[in-house]
Protein chains: 2
Amino acid sequence: MNTRTYSNTPSPTCDVRTRILTAAGERFAQFGYNKTTMAEIAKDCDMSAANLYRFFKNKLDIGSNLACACLDTKLLLVKNVVQQTQQPAAERLHNVVLQILSHTHNEWANNPRINEMVTAICDARLEIVNQYELNRHNLIVELLEDGVRRDEFSIPDVQDTAEAITTAITLFSVPLFMSLHNLETFEKRAKSVVQLMLSGLKKR
Amino acid sequence: MNTRTYSNTPSPTCDVRTRILTAAGERFAQFGYNKTTMAEIAKDCDMSAANLYRFFKNKLDIGSNLACACLDTKLLLVKNVVQQTQQPAAERLHNVVLQILSHTHNEWANNPRINEMVTAICDARLEIVNQYELNRHNLIVELLEDGVRRDEFSIPDVQDTAEAITTAITLFSVPLFMSLHNLETFEKRAKSVVQLMLSGLKKR
DNA sequence: ATGCTGAACATTCAAGATAATGTTCAGCAT
DNA sequence: ATGCTGAACATTATCTTGAATGTTCAGCAT
């Protein structure tokens, strides 16, 4: 008669985690990670602070989950550009770099609190940013290999080249630098960098 | 080189300025900028703290002069590499990048105090780092133009390309990043970046 | 006049006290 | 048994205040 009311990963529990993350995310975005207390998050979820610890190891763990989600979003943007397979690889590389720049600049300008949170969490949990970098590296590898496959690019060592590209666009990936110039200046620079890289990658 | 805009006073005064800078430099290197007091610098020079203000506007001004000197040293290293005109431009570009990396890493590892001072001063006086960047940009322009003149390079826009190169080696220029990897990893990356850039610059 | 100083003043730093927050857990309610 | 809480405890942040330091200037010595 009754359908099963529980499972291996009980859905109520998942729901609660999501509710907590949503509440915490809103607080963090509005007031920052440090200024948000566990008690406040708990109140938003109509529960006690102690109860939060049944779903997350601690505050940093909540922050880490949110930071991961932010980085995943960032990654998804890049992925979407890379997988526009109807476009030439060269154009996609160009778009990837400008996408990364525009996202970094945008977050820095419009969501400073979230940005501050991501930075703080990544400071405390280096593996998160490592994972993100690795994933982004793999996306660039995918793009380069596709370019080679299509005879657009000629690349001796794809791994090395992907690393070189990642390194070369550091300025556009680190929020800290965003205060140095306005977006137009950055875009001009990004285009110069892409042009320089492409002239080295293209097959002739 | 950074122009000294601070004084055109006679040579005995310059001597005192030099003595003060030397004393301050030693203290800053050993104890850091913040932990060094004007009174201590003054005592090292057998004078009163008040007398320091006859030669420098304030403590930051002393720090600025020393920071400029550090950046001038850095610049001189690059200049020396660029002006090894018996070497191919490509090789010189390679050496410039590795020189910058090695110097950044070395200062970070061996002179953390001085490094901290330069960073602090540059935070307070952005024009110092701007001047340094401009000078370095010009050196790279010089190198690129030389490469073009010798028919090694083919470069549509030297200014843009020099900017692109400066941008692409950000990771190797900023002390803050030095904690991310060990020197070998950085050198490997630097070589990849140089190779990528060179394959774009070289005439074929 | 010139070069310098000691003392005064303004600002920053640091140590200790206090409050706020993060975390844990025994125990209550269902 | 399970889910949750209030209270206790540990850690971290904030505030306060005296001391240290940066800076200025009237006045002394040459």
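Since this is a predicted model, take the numbers as computed values, not measurements. Residue numbers begin at 1 in each chain, while the letters A, B, ... track the order of the sequences.
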- [ ] Consider the side chain of A:Asn58, meaning its heavy atoms from C-beta on, and name the nucleotide among C:dT23, D:dT24, D:dT5 that approaches it most closely.
- [x] C:dT23
Task: Nearest-angstrom distance from the residue atom CG of A:Leu52 to C1' of D:dC4 - done: 12 Å
- [ ] Return no unless some side-chain N or O of A:Lys57 is found under 4.0 Å from OP1 or OP2 of C:dT24.
- [x] no
TODO: Taking B:Glu152 for its side chain and B:Ala90 for its backbone only, find out whether a donor-acceptor pair lies under 3.5 Å.
DONE: yes
TODO: Can you figure out which of C:dT5, C:dT23, D:dG6 approaches the side chain of B:Met47 most closely?
DONE: C:dT5
Task: Nucleotide forming a Watson-Crick or wobble pair with D:dA19, both distances under 3.5 Å - done: C:dT12
Open item on the list: Rounded to whole Å, please give me the gap between CG in A:Asn34 and P in C:dT21.
Closed with: 12 Å
Task: Nearest-angstrom distance from the residue atom CZ of A:Arg27 to P of C:dG22 - done: 12 Å
TODO: Check whether any side-chain nitrogen or oxygen of B:Lys59 sits under 4.0 Å from OP1 or OP2 of D:dT24, and answer yes or no.
DONE: no
Task: Nearest-nucleotide pick for A:Met38, side chain only, options being D:dT23, D:dC25, C:dG22 - done: C:dG22
Task: Closest to side chain of B:Arg54, choosing from C:dG3, D:dG6, D:dT14 - done: C:dG3
- [ ] Return the nucleotide paired to C:dG22: Watson-Crick means purine N1 to pyrimidine N3 with N6-O4 or O6-N4, wobble means G-U with N1-O2 and O6-N3, both under 3.5 Å.
- [x] D:dC9
- [ ] Whole angstrom is fine here: how far is it from CD1 in A:Ile41 over to C1' in C:dT23?
- [x] 14 Å
Open item on the list: From CD1 of A:Ile20 over to P of D:dG3, roughly how many Å is that when rounded to an integer?
Closed with: 14 Å
Open item on the list: Donor-acceptor pair, distance only, cut-off 3.5 Å: does the side chain of B:Arg92 make one with the backbone of B:Val82?
Closed with: yes
TODO: Grab the NZ-C1' distance between B:Lys35 and D:dA20 for me, whole Å please.
DONE: 11 Å
Task: Closest-nucleotide 5' rank along DNA chain C - winner of A:Ala39 and A:Asn51 - done: A:Ala39
Task: Nucleotide nearest B:Thr37 when distance is taken to its side chain, options D:dG22, C:dC4, D:dC25 - done: D:dG22
Open item on the list: Which nucleotide, if any, forms a Watson-Crick or G-U wobble pair with C:dA29, using both distances under 3.5 Å?
Closed with: D:dT2
- [ ] Figure out the CG/C1' separation between A:Asp61 and C:dT23, and round it to whole Å.
- [x] 13 Å
Open item on the list: One thing to verify: whether A:Glu163 and B:Lys188 come together as a salt bridge, which I'm taking to mean a side-chain N less than 4.0 angstrom from a carboxylate O.
Closed with: yes
Open item on the list: In this structure, how many angstroms lie between the P atom of D:dA20 and the CD atom of B:Glu40, rounded?
Closed with: 13 Å
TODO: For the pair B:Asp15 and B:Thr18, evaluate side-chain hydrogen bond (donor to acceptor under 3.5 Å, both in side chains) and give the outcome as yes or no after the intermediate values.
DONE: CA-CA 5 Å; B:Asp15 252 11; B:Thr18 307; 5.0 Å; no
Open item on the list: Closer than 4.0 angstrom, basic N to acidic O: yes or no for A:Arg150 and A:Asp146?
Closed with: yes
Open item on the list: Tell me whether the side-chain N/O atoms of A:Tyr53 come closer than 4.0 Å to OP1 or OP2 in C:dT23.
Closed with: yes
